[in-house]
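Please read the structure below before turning to the comments.
Position 1 is the first residue of the sequence, and the numbers go up from there.
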Amino acid sequence: MIKLIQSLPFNTIITGTTRNPRKQRLLQKLNLDKVLITDDPLTLPGSAGQFDKIIDLVGPATIADSFTHLAEFGILNSTGQLGGQWTLPEFDPIVDIPNNRYLTGFYSGNVTADQIQHLVSYIENHQIDVTPDKTFDLAHTREAHEYLAQSTGIGKVVVLI
């Protein structure tokens with residue numbers, strides 16, 4: 001799923017994407033304002049529009065397409081690697097990043113203990129629900145994989161050790 005954010009002067013519209021139409025209601029229950037159903041996991045429909053901020057969870061495989069939907073002065077954050085592609089081969093930032101647009105990334109391997117504590121405090125202070133979609137014990141790891149393969153969930157799956 002790619003989260004797309006359109007910021008307006010007094011309103012923020014949050015749009016999510018999914019390839020699975022059955023997940024539309026689940027995403028709307030998470031307070032997304034719009035849900036785009038995509039046929040192709042690597043592109044958004046041309047009618048998707050322009051967004052001020054894009055959080056791309058698919059990664060390098062969708063960066064070029066995400067830029068076509070990024071508004072001027074918008075920010076594209078590549079934070080996932082779900083597209084089976086790990087790098088941007090032949091990437092030239094001067095040519096491939098459109099003028100007046102920004103590309104950022106996030107790598108969780110560079111996170112400090114203070115940053116994690118700040119995140120935990122934020123979640124507690126704002127009472128954000130971070131409950132996993134499903135939890136399995138170690139003996140049921142196979143079932144956890146089967147559940148993930150069904151693509152019916154919409155959140156993290158945790159295996160307790």
Self-check item: Of all pairs that satisfy ring pair (Phe, Tyr, Trp, His ring centres under 6.0 Å), the ones with a partner from residues 127-161, not counting sequence neighbours
Solution: none
Self-check item: Residues forming a side-chain contact (heavy atoms from CB on, under 4.5 Å) with R22, sequence neighbours excluded
Solution: N20
Quiz item: Are I14 and I154 connected, step by step, through hydrophobic side chains (Ile, Leu, Val, Met, Phe, Trp, Tyr) whose heavy atoms are closer than 4.5 Å?
Solution: yes
Quiz item: Tracing side-chain links under 4.5 Å among I, L, V, M, F, W and Y, which residues wind up in one group with L160?
Solution: V158
Practice problem: Give the cluster check for L26 versus I37: same hydrophobic cluster or not, with ILVMFWY residues linked at side-chain heavy-atom distances below 4.5 Å. | Solution: yes
Exercise. Using atom types as modelled and distance alone, determine if a side-chain donor or acceptor of H69 lies under 3.5 Å from a backbone N or O of Q50.
Key: no
Quiz prompt | Counterpart residues, ring-ring contact (aromatic ring centres under 6.0 Å, His included), relative to Y107 (two or more places apart) | solution = none
Only pairs under 3.5 Å count here: list side-chain donor-acceptor contacts from residues 76-91, not counting sequence neighbours, and write none if there are none.
residue, atom, partner, partner atom, Å
N77, ND2, T104, OG1, 3.0
Q85, NE2, T87, O, 2.8

Quiz item: With the 4.5 Å side-chain cut-off for hydrophobic clustering, are F51 and I75 part of the same group?
Solution: no
Self-check item: With sequence neighbours excluded, residues passing side-chain contact (heavy atoms from CB on, under 4.5 Å) with D114
Solution: T112
Quiz prompt | Donor on one side chain, acceptor on other, T62 and D56, under 3.5 Å | solution = yes
Quiz item: Do D65 and L42 come within less than 4.5 Å of each other through their side chains, counting heavy atoms only?
Solution: no
Exercise. Starting at CG of L57, measure out to OG1 of T17 and round the result to the nearest 0.5 Å.
Key: 8.0 Å
Exercise. May I have the step-by-step check of side-chain contact (heavy atoms from CB on, under 4.5 Å) for T38 and T18, ending in yes or no?
Key: CA-CA 6 Å; T38 60; T18 181; over 6 Å; no
Self-check item: Qualifying salt bridge (Lys or Arg N to Asp or Glu O under 4.0 Å) pairs, either residue in residues 130-155, two or more places apart
Solution: R142-E146
Practice problem: Output the distance between atom CG (L32) and atom CD (Q24), rounded to the nearest 0.5 Å. | Solution: 10.5 Å
Practice problem: Give a yes or no on this: more than 12 heavy atoms of other residues, nucleotides or ligands lie within 6.0 Å of atom CG of D40. | Solution: yes
Report all side-chain donor-acceptor pairs from residues 92-103 shorter than 3.5 Å, counting only partners two or more places apart or in another chain.
residue, atom, partner, partner atom, Å
D92, OD1, I94, N, 3.1
D96, OD2, D92, N, 2.8
N100, ND2, E72, OE2, 2.7
R101, NE, L70, O, 2.8
R101, NH1, N99, O, 2.6

Quiz prompt | Audit row: V35, T15, side-chain contact (heavy atoms from CB on, under 4.5 Å) steps and yes/no | solution = CA-CA 6 Å; V35 177; T15 304; over 6 Å; no
Practice problem: Can you tell me which residue pairs pass the side chain to side chain donor-acceptor pair (under 3.5 Å) test with a partner in residues 117-128, sequence neighbours excluded? | Solution: Q117-S121
Quiz prompt | All salt bridge (Lys or Arg N to Asp or Glu O under 4.0 Å) counterparts of R25, not counting sequence neighbours | solution = none
Quiz item: Under the side-chain contact (heavy atoms from CB on, under 4.5 Å) test, which residues partner I116, sequence neighbours left out?
Solution: V111, V120
Self-check item: Non-neighbouring partners of T131 that pass side-chain contact (heavy atoms from CB on, under 4.5 Å), sequence neighbours left out
Solution: D129
